[in-house]
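Everything numeric here is computed off the predicted structure, so don't read it as measured data.
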Amino acid sequence: MFRFPVLKAAATGVAAILALSACGAGSSTNSAGATETIKVGALAVPAGDMLKHVQRELAPKEGLTVEYKEFSDYNTPNPAVSDGDIDANLFQNTTFMETYNKASGKNLVSVGKVYLPPMALYSNGVATLDALPDGASVAIPNDPTNESRALKLLASKGLIEVTENPITLKDVKANPKNLKFTEIENASLPQALNDKDAAIVTLAFALPAGLSADKQLLVEGSDSAYYNVLAVKAEMKDDPRVQKLYKILTSQEMKDFIQTKFKGLVIPAS
């Protein structure tokens with residue numbers, strides 16, 4: 001006769017525990033939804049500055065936590081994504097990414113264009129492109145993607161003539177000014193200006209080196225095919241965190257930040 005109340009009490013206790021457990025799971029889910037985390041790698045400038053702004057000012061309003069990892073060269077951010085050390089990177093154009101995929105057998109994809117870091121021909125001693133002397137020494141990037149891009153930039157102003165899809169100096173068909181080219185690793189190109197008449201430098205290395213617009217003899221325009229993209233593994237492209245980050249990176253708030261921070265030197269994707 002005393003068992004029924006005991007069983008009833010026990011049942012009531014179990015029900016209460018289950019109810020509390022259910023409430024706890026709901027809170028955990030909501031909490032997780034409010035603090036989704038994505039790990040993103042980039043070079044310090046300009047993408048690192050952009051991601052820090054997203055991290056501090058924009059992502060929290062969207063319920064996203066951005067963990068930013070800084071890289072100092074072009075060679076390591078893609079393997080970091082492929083190996084799962086980070087979820088995405090923001091430093092490269094699609095041509096560079098496709099070259100990496102072909103060489104490594106990996107399958108990174110673009111989520112979409114974010115910004116253009118214009119490549120430019122800089123000089124410490126020459127004031128204008130017309131003043132570049134015959135036989136001038138010019139340093140250019142030594143990786144296939146950026147070397148091709150540099151040759152196309154020079155060809156756009158008739159300094160050289162190249163094949164339809166130039167990759168290396170072997171694809172130069174005519175060099176009327178007899179320019180003397182030296183292929184140099186990207187990060188060292190700003191220093192090459194100390195002993196070269198000019199150097200073609202990507203913005204990621206030009207800005208930290210203090211190279212300003214008044215040293216540019218020639219610069220890419222907004223019609224460039226080399227906008228940098230948010231890159232991920234193929235299976236991550238539709239991940240809600242990735243899509244949320246891309247939406248933030250291409251928002252009007254982000255475009256305003258880019259224009260203000262970089263004073264027109266970086267061009268946001270339209």
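With 3.5 Å as the limit, one finds a donor-acceptor pair spanning the side chains of Thr76 and Asp73. Side-chain atoms of Gln243 and Asp239 include no donor-acceptor pair closer than 3.5 Å. One side chain, Asn228 or Tyr115, offers a donor N or O that lies under 3.5 Å from an acceptor on the other. For the residue pair Asn89 and Asn78, a side-chain donor N or O sits within less than 3.5 Å of a side-chain acceptor on the partner. For the residue pair Tyr226 / Lys152, a side-chain donor-acceptor distance below 3.5 Å is found, with atom types taken as modelled.
Between Leu154 and the choices Val162, Ile160, Val172, the side-chain contact (heavy atoms from CB on, under 4.5 Å) rule is met once, by Ile160.
Remark: the backbone N or O of Asp256 is paired with a side-chain donor or acceptor of Thr260 at under 3.5 angstrom. With Ser156 contributing its side chain and Leu153 its backbone, the two residues share a donor-acceptor pair below 3.5 Å. Using a distance-only test at 3.5 Å, with no hydrogens or angles considered, a donor-acceptor pair links the side chain of Asp171 to the main chain of Ile167. A donor-acceptor pair is defined here as one N or O able to donate and one able to accept, closer than 3.5 Å; no such pair exists between the side chain of Ser110 and the backbone of Thr94.
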Between side-chain atoms of residues 116-128 and protein atoms elsewhere (two or more places apart, or another chain), which donor-acceptor pairs fall under 3.5 Å?
from	atom 1	to	atom 2	distance (Å)
Tyr122	OH	Gln216	NE2	3.1
Ser123	OG	Gly125	N	3.2
Ser123	OG	Val126	N	2.9
Ser123	OG	Asp197	O	2.6
Asn124	OD1	Lys215	NZ	3.2
Thr128	OG1	Ala131	N	3.3

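Taken from OG in Ser188 to CZ in Phe205, the straight-line distance is 9.0 Å, to the nearest 0.5 Å. Rounded to the nearest 0.5 angstrom, Leu58 CG and Lys244 NZ are separated by 13.5 Å.
Salt bridge status for Lys61 with Glu253: present, with a side-chain N to carboxylate O gap under 4.0 Å. Between Lys247 and Glu62 there is no salt bridge, since no side-chain nitrogen of the basic residue lies less than 4.0 Å from a carboxylate oxygen of the acidic one.
Open room surrounds NZ on Lys39; 12 or fewer heavy atoms of other groups in view lie less than 6.0 Å from it.
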Discussion item. Assess the residue pair Asn146 and Asp143 against the criterion (side-chain hydrogen bond (donor to acceptor under 3.5 Å, both in side chains)); give the C-alpha distance rounded to whole Å, side-chain angles, the decisive distance to 0.1 Å, and a yes or no.
Written reply: CA-CA 6 Å; Asn146 285 305; Asp143 71 273; 3.2 Å; yes

Worksheet entry | Steps toward side-chain hydrogen bond (donor to acceptor under 3.5 Å, both in side chains) verdict (Lys233, Ser82) | CA-CA 7 Å; Lys233 289 190 287 189; Ser82 297; over 6 Å; no

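Residues Tyr74 and Phe96 bring their aromatic ring centres within 6.0 Å.
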